[in-house]
Amino acid sequence: MMEEAGYRDPRAVAALLRAAKAEAASLHRPLVLMEVCGTHTHAIAEAGLRGKLAPEIRLVSGPGCPVCVTPVGYLDRAEALARQRNAVLCTFGDLFRVPSSTGSLERLKAEGGDVRIVYSPRDALRVASENPGREVVFLAVGFETTAPTIAAALVEAEGAGLSNFMILPGNKTVPMPLRVLAGDPALRLDGFLLPGHVSVVTGSEAFSFLASDYGIPSAVVGFAPTDVLAGVADLAAQRRGGRAGVSNLYGRAVTPQGNAVARAAMDRVFRPESSDWRGLGPIPESGLLLRESLAHRDASRLEVDVPVPEEPAGCLCGEVLKGAVEPPACPLFGTACTPDLPVGACMVSSEGTCAAYYRHERWRLAGGAA
Ligand code: SF4
């Protein structure tokens, strides 16, 4: 296995860049590839790959930031649980500053709401055991990577008889939105760089439909510059050769079948259901709801008045999330909206596309060095 430094070796990066651009140049049109995962978006931005691959290859970002694709109504409901039922909200830090219709979890906490940042669902279990008289609601947001640990926490709560531990179901799964994007004629995507972490659980074969149903090549890749560029070169070669398949280039972590134990843990607790994605709308079988046997742990069933959801005015986050526009197309980017004063979710999250562009790419876009 390559040493970590080898994945960033400048000569290897330069060689892969040349190979990818040469493959794409023979197509005589820009190759449009989507990186699905927010961690890839940041890795690409940090290494300046977007600028280096242009103009032969255009990398666009997809809906791979779980906080960003969580609709504003989810946060509104969470805030209502705290305000109207005095529930304790436990959340990962990424969600804390995301704007809701009326504020954010951060503002709710400043106003006296009980919002606690946790690092795992088990931390929320501990909060529940320490506060037996209160409803403790874990905000369950994330993809296939986080769902198994949430499932394990729910099983543990059942075993321990922690009746006050609940979740607000918001987990989503990645394959179905890729069907929506692959079938969108306006996007004209030539290939997908598939999410490495999610693929550890799903397996690379879970994405074979992109080739069989849409004729679009895809590649599972890791997060170092050489990983990403190897994927880009692979997709360009598939396109040039008139082929479409799913290539697993992250074999040090991903297998074709994925992690069956993690998926079994999810299946025990969750069932697939339609889910609302910011930017993409409702998508069948793209969300994870609790099975009926665990309905008593579903905080979305608790009675609260929830306001009509309102997206932040002027924010194009929904368009950014489906690769229809790049963040600088938003008039608020870098002026009214920055990581310190974010208007939309895509500027808040550490995996958000607008945050990645702001941190790493605004110099290139302003005409400076990549
Ligand atoms: Fe929304 Fe800010 Fe991104 Fe514009 S720059 S799309 S306001 S998050």
Side-chain angles (χ1 to χ4, degrees), residues 32 34-46 48-51 58-76 78-79 91-108 139 141-143 170 172 177 180-181 184 186-187 189 276-281 283 307-368 370:
V32 183
M34 173 174 278
E35 90 270 2
V36 174
C37 169
T39 310
H40 278 143
T41 299
H42 277 258
I44 287 164
E46 190 178 13
L49 299 183
R50 215 177 300 278
R58 192 160 77 84
L59 290 182
V60 298
S61 305
C65 159
V67 164
C68 306
V69 296
T70 299
V72 74
Y74 179 91
L75 284 167
D76 294 345
E79 289 181 20
T91 179
F92 291 138
D94 263 14
L95 212 53
F96 192 56
R97 297 177 65 222
V98 174
S100 64
S101 297
T102 53
S104 65
L105 295 173
E106 183 180 39
R107 184 189 291 182
L108 171 67
L139 304 187
V141 168
F143 296 136
K172 299 184 190 304
V180 174
L181 296 166
D184 187 335
L187 295 176
L189 296 174
D276 196 14
W277 293 61
R278 181 183 274 123
L280 298 173
I283 302 176
V308 176
E310 249 181 73
E311 290 289 344
C315 175
L316 301 183
C317 199
E319 296 299 296
V320 170
L321 285 166
K322 56 185 180 187
V325 302
E326 289 185 84
C330 172
L332 307 183
F333 177 79
T335 53
C337 182
T338 65
D340 286 337
L341 281 172
V343 173
C346 298
M347 189 61 93
V348 179
S349 170
S350 60
E351 295 192 53
T353 302
C354 297
Y357 270 71
Y358 185 85
R359 291 207 170 92
H360 303 296
E361 303 215 49
R362 67 186 198 279
W363 311 115
R364 173 177 69 81
L365 296 164

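For ligands, and for the atoms within them, numbers begin at 1 and follow the listed sequence. Since the model is a prediction, treat every value here as computed from it, not as a measurement. All heavy atoms count here, side chains included; hydrogens, waters and symmetry mates do not.
Residues Glu311 and Arg278 are paired through a salt bridge, judged by an N-O separation under 4.0 Å between the basic side chain and the carboxylate.
Shown in contact with Gly344 at under 4.0 Å from a heavy atom are these atoms of ligand 1, numbered in order with element: 8 (S). When each atom of ligand 1 is checked for a heavy atom of Met347 under 4.0 Å away, the hits are 8 (S). Counting atoms of ligand 1 from 1 in the listed order, those under 4.0 Å from a heavy atom of Cys317 are 1 (Fe), 6 (S). Listed by number with element, the atoms of ligand 1 under 4.0 angstrom from any heavy atom of Cys330 are 4 (Fe), 5 (S), 6 (S), 7 (S).
Because the distance cut-off is set at 2.8 Å, Cys354 fails to qualify as a neighbour of atom 4 (Fe) of ligand 1, as none of its N, O or S atoms comes that close.
In this structure, Cys346 and Cys317 have their SG atoms less than 2.5 Å from one another.
Only the side chain of Cys337 comes within contact range of ligand 1, with a heavy atom under 4.0 Å; no backbone atom does.
For the pairing with Arg50, the side chain to side chain contact (heavy atoms under 4.5 Å, CB included) check across Glu35, Arg58, His360 returns one residue only, Glu35.
Between Phe143 and Trp277, the ring planes lie parallel to each other; the angle is under 30°, not in the 30° to 60° tilted range.
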Requested in this report: Evaluate the criterion side-chain contact (heavy atoms from CB on, under 4.5 Å) for residue pair Glu310 and Val72; output intermediate values, then yes/no.
Outcome: CA-CA 7 Å; Glu310 249 181 73; Val72 74; 5.9 Å; no
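Between Leu341 and Arg97, the shortest heavy-atom distance links the atoms N-NH2, 4.4 Å.
Of the protein's non-hydrogen atoms, Cys315 SG, 2.4 Å is the one closest to atom 1 (Fe) of ligand 1.
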